Structures are given as C-alpha cells and as structure tokens.
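Here the structure comes first, spelled out in structure tokens, and everything after it is commentary.
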Protein chains: 2
Amino acid sequence: MTNERPPDRRVRRTKQRLNDALESLIIEKGYDKITVQDLIDRADVGRSTFYAHYETKDDLLISWTELAADMELHMAQEQTDAGSTMPSLTLFRHLGEHHHLYKAMLGGRGIDIVTEMIHSTLLGHATSVLERRPDASDQTTIPIEVRAGFLASSLLALLTWWLDNDMPYPPESINEMYQELTKTT
Amino acid sequence: MTNERPPDRRVRRTKQRLNDALESLIIEKGYDKITVQDLIDRADVGRSTFYAHYETKDDLLISWTELAADMELHMAQEQTDAGSTMPSLTLFRHLGEHHHLYKAMLGGRGIDIVTEMIHSTLLGHATSVLERRPDASDQTTIPIEVRAGFLASSLLALLTWWLDNDMPYPPESINEMYQELTKTT
DNA sequence: TTGTTATCAGACATGATGTTCTATACCAAA
DNA sequence: TTTGGTATAGAACATCATGTCTGATAACAA
C-alpha cells in the first residue's frame, strides 16, 4: 500500500546530480576521501538540500548502489544454469566492461559497503545452488555453509585481483582458472 | 649505521600506554570509530605528546601491528613444511587463541590496513612455496601468481568467516576443510 | 494563475584535528 | 647528588567538516 507518487522533477535532478558527483568522485579520489562538502560542490547543490534527501554519505552510496550494482548482479544470476555453479563468466565480463568503477569499488582501496553487498549476493547465490543439488555429499563432508562461503569468497577475491592487476587475462581465461581451482566444490 | 639508542623510559611508558589504549579501544568500539581524543583520554596522555610520536591514528596502528601481528605470523611460517602448503593449522590455532582481538581486526567491521598486511604475508608465503616446488605444471596451466593469490585469499576468507561465526568448529576441523577445498592447488 | 514545495544562501553550534607555546617533571650521565 | 637535556602536561589556537535551522526565492503540479 505504499502510495508511490512520482517524485518532483527538481528532486530527480538533485538526486541525479548527487549520484553523478558520487560516481565521478569515487573514481577520482576513492570513496573514503570524499566529504559531503566535495559532493555538494561537485553536484552544485545546497548544503541543506543534501541533508533533505540523505542523512550521511553512506546513505547516498547505498541508495545509489541499489540501483546500479544490485540490478546488474541479478542479471548475472540468469545465466547460472549453464553448467557451472557460479555466474562467474558473466561477472568477469560485466566487471571488465565497467572496470574503472569496479576497480575503485573493489580494489586495494575499495568500499567496504559495496564489497559486502556483492559478497552477500554471491553467497546467497552459492548457497541456493548448493542446496538444490543432486547431493554430492558422498564425496565430501564439508558443510554447505562452508562450501558456499568458500565459493563466494574465492570468486570475489579473484575478481578483485583481476581488476587490481588491470585484467591481465581475458574474461574467458580467468573464468576457466576459477572453475579449475574450485572444481573440488 | 642507524645509531640505535635505547629510548627514554618516559617514551617507553607513553608508547606502551598508547598501544594498550589502542588495543582495548579496538576491541571495544572498532578501529574506525576511534578518535585521537579517545586514545589520549584512555592512555591519559597529553595531546601534544601523542603528536610528538605519531602523525596520525594509522601511524600508531602500523607501528603497533609491526610488533604484534607480524611477529606472530613469522612464527607460523616455521611450521609450514609439515606436509601442507600453507601454515593454516598454526594460524587457526593462533587466531583462535586471540579471537577477541583478531575478530575485531578481520571480521565484518575490520581494519583494512591489518587485513592487507596479513594478506600480503600469506601471499608472499604461498608464492615462495609454490615457486620452490617439484613442479606440478603437468597437472595445471594456471600461473603461480593466480594460484598463490587463490590460496592466500581463500585462507584469509575462511579465517575471517571462522572468527565472525564464533569458531563453530575446532581449529583442526576447519583446517581439514581448507585443505580439502584447496587440494586442487 | 495559485498553492505547494524544493532549493538556496547563510548563519550557527559542535566536535575533531593538528600546531604551538611555556612551565614542569623526569631522566641519564657525570 | 647535582646538572644539563628532554619528554610531558596543559592550554590556547586556527582550521575544517558536520549537521541543523532560518527565511527568501524559484520551480513545480494542478
């Protein structure tokens, strides 16, 4: 019953400018060095206007990533059935296409919140796949919880390494390595 | 030629109190919420005294972890030869013994600097072990760089998960799982 | 056109940072 | 034990980012 009224055009413009400012500043100087002052300067928005929409810097980041990264990861989940457990190939391709942004969000000086969001998504995916499986529990006694965490963390680590090192292999190659390294699971 | 004079007793006491204050505050409220004000209050040290020894909060953290965490990881490296590639069992045991501290430094809201230091140490270890190996390159074509990164990140992820979940298995069990999951490498 | 509402500009209190100063207490070495 | 050197305490200070609040103005939807 949430009465969804279309937001005022001014609100859309303001949020758009703040989102753009956030993205460009993340690539430019890294998230943690951004101040609210930077954001409103870059977006050319009044101080009170910012606080009318968001409570903190993190608040803006979260509502922004919900629109961007999360939607893209859902897209990745569609292509999971094609043999492998994780949608790794799709992810390598997608992150490679937007490597400037994802490198700034995942790499050495990344954004914890975003990393956690992606990890959480990967973990959920791995868990659900492993649970609905023609049980290979005769081969291993390792709990699903551990195996899923391993799959998710490995993929995230490999993605991060790949971006940090400026993608030294094509998505298909690095994906095969991931499949090989985790074939135990 | 660095003339190493033993530091003044007052200096030792001051640094000791700041280190103690840092450790207790990390466990209490998490590193990123600590302010310099907190530190000098807890350590009961003058403001100017802090800045006489350290430039920033991170500065204190780094010189502290160099004494603590790094030395312990070196200890872990000794026991590597015993069959496995990584000193994983030693690490699970050591971190389990100091889980309060390590959970605060690695877990959900961890300290990036410390995480990177440990990851870097693990990566260096994995690399050197894989390099001096009776080459199993007939079995895999994956570059050492990738395999080492995989081993290090997997172990760090498992360690972190284990601490975050309050060590649901004894060190020996979780270590066996790690060995099983990474036996490809 | 009209009533509503988002925005702006600015002022303001707050809290943390990092610098600088002087007097004092402590220290190591003679 | 005295002495010269030095670390510390305490406080003041400028700076900066934060978050709140005000009234005036502009843009909006209807």
Side-chain angles (χ1 to χ4, degrees), chain A residues 2-64 67 104 109 111-113, chain B residues 2-67 104 109 111-113:
Chain A
T2 39
N3 206 345
E4 287 288 341
R5 268 200 306 168
D8 197 314
R9 187 183 303 164
R10 290 167 292 180
V11 177
R12 287 198 304 268
R13 278 178 56 245
T14 297
K15 291 193 172 183
Q16 184 63 47
R17 280 196 286 185
L18 283 171
N19 284 334
D20 292 347
L22 177 63
E23 177 168 338
S24 67
L25 281 170
I26 284 176
I27 296 176
E28 231 169 85
K29 58 194 293 190
Y31 178 71
D32 44 349
K33 286 182 182 170
I34 300 176
T35 70
V36 175
Q37 198 67 48
D38 293 331
L39 287 166
I40 64 182
D41 286 348
R42 174 70 58 98
D44 197 28
V45 151
R47 179 164 206 74
S48 42
T49 305
F50 176 89
Y51 287 105
H53 294 292
Y54 307 100
E55 290 194 348
T56 66
K57 198 179 69 169
D58 288 1
D59 202 5
L60 170 62
L61 173 71
I62 290 172
S63 78
W64 174 62
L67 281 131
R109 273 279 145 254
I111 311 176
D112 288 346
I113 302 172
Chain B
T2 39
N3 205 345
E4 286 288 341
R5 267 199 306 166
D8 196 315
R9 186 183 304 164
R10 291 168 293 180
V11 177
R12 286 199 305 268
R13 278 178 56 246
T14 297
K15 292 194 173 183
Q16 184 63 47
R17 282 197 285 187
L18 283 171
N19 284 334
D20 291 347
L22 176 64
E23 177 168 338
S24 67
L25 281 170
I26 284 176
I27 296 177
E28 232 170 84
K29 57 193 292 189
Y31 178 72
D32 43 350
K33 286 183 182 171
I34 299 176
T35 70
V36 175
Q37 199 66 48
D38 293 330
L39 286 166
I40 64 181
D41 285 348
R42 174 70 58 99
D44 196 29
V45 151
R47 180 165 206 75
S48 44
T49 305
F50 177 90
Y51 287 105
H53 294 290
Y54 307 99
E55 290 195 348
T56 66
K57 196 178 70 168
D58 288 1
D59 203 5
L60 170 61
L61 173 71
I62 290 172
S63 77
W64 175 63
T65 48
E66 277 175 0
L67 280 131
R109 273 277 146 256
I111 310 175
D112 288 346
I113 303 172

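Just so it is clear, the structure is predicted and the values come from calculations on it, not from any experiment. Letters A, B, ... mirror the listed sequences (proteins, then strands); counts begin at 1.
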Review point. Between A:D112 and A:Y31, is any pair of side-chain heavy atoms under 4.5 Å apart?
Key: no
Exercise for review: Would you check if the side chain of A:K29 reaches a backbone N or O of A:I34 as a donor-acceptor pair within less than 3.5 Å?
Suggested key: no
Exercise for review: Please state how far atom CG in B:D58 lies from atom P in C:dT17, giving the value in whole angstrom units.
Suggested key: 12 Å
Review point. Whole Å only: how far is the CD1 atom of B:I40 from the P atom of C:dA16?
Key: 10 Å
Please tabulate, one pair per line, all N/O donor-acceptor pairs under 3.5 Å involving side-chain atoms of residues 46-54 of chain B, not counting sequence neighbours.
{"from": "B:R47", "atom 1": "NH1", "to": "B:Q37", "atom 2": "OE1", "distance (Å)": "3.2"}

Practice item. Look at the side-chain N and O atoms of A:H53 and state whether any lies under 4.0 Å from the OP1 or OP2 oxygen of C:dA6. Key: no
Exercise for review: Give one of base, sugar-phosphate or nothing for A:D44, where a contact means two heavy atoms less than 4.0 Å apart.
Suggested key: sugar-phosphate
Review point. In terms of side-chain geometry, is the basic nitrogen of B:E28 or B:R42 positioned less than 4.0 Å from the acidic oxygen of its partner?
Key: yes
Check your understanding: On DNA chain C, nearest-nucleotide positions of A:K15 versus B:Q37: which is more 5'?
Key -> A:K15
Exercise for review: Measure from the side chain of B:R17, starting at C-beta and using heavy atoms only, and say which of D:dT18, C:dG18, D:dA9 lies closest.
Suggested key: D:dA9
Revision key, fill the gap. Here the distance between atom C1' of D:dA17 and atom NZ of A:K33, to the nearest Å, is 17 Å
Revision key, fill the gap. When rounded to whole Å, the CG to P distance for the pair B:L39 and C:dA16 reads 12 Å
Check your understanding: Within this structure, what is the CZ-to-P distance between B:R12 and D:dT8, rounded to whole angstrom?
Key -> 12 Å
Point to revise | Distance test, side-chain N/O of A:T49 to OP1/OP2 of C:dC8, below 4.0 Å | key: yes
Study note, to complete from the structure: Atom CG of B:D32 and atom C1' of C:dA16 are separated, to the nearest Å, by 15 Å
Exercise for review: Indicate yes or no for a side-chain donor-acceptor contact from B:D38 to the backbone of B:T35 under 3.5 Å, with no hydrogens or angles considered.
Suggested key: yes
Practice item. Give the B/S/- string for nucleotides 20-28 of chain D, one per nucleotide from 5' to 3', where a protein heavy atom under 4.0 Å of the base yields B, of only the sugar-phosphate yields S, and otherwise -. Key: BB----BBS
Review point. Is a side-chain N or O of B:K15 found less than 3.5 angstrom from the main chain of B:L60, in a donor-acceptor match?
Key: no
Check your understanding: Any donor-acceptor pair under 3.5 Å linking the side chain of B:D59 with the backbone of B:E55?
Key -> yes
Point to revise | d(CZ, B:F50; P, C:dT17) in whole Å | key: 9 Å
Practice item. Mind calculating the distance between CG (A:D59) and C1' (D:dT18) to the nearest angstrom? Key: 15 Å
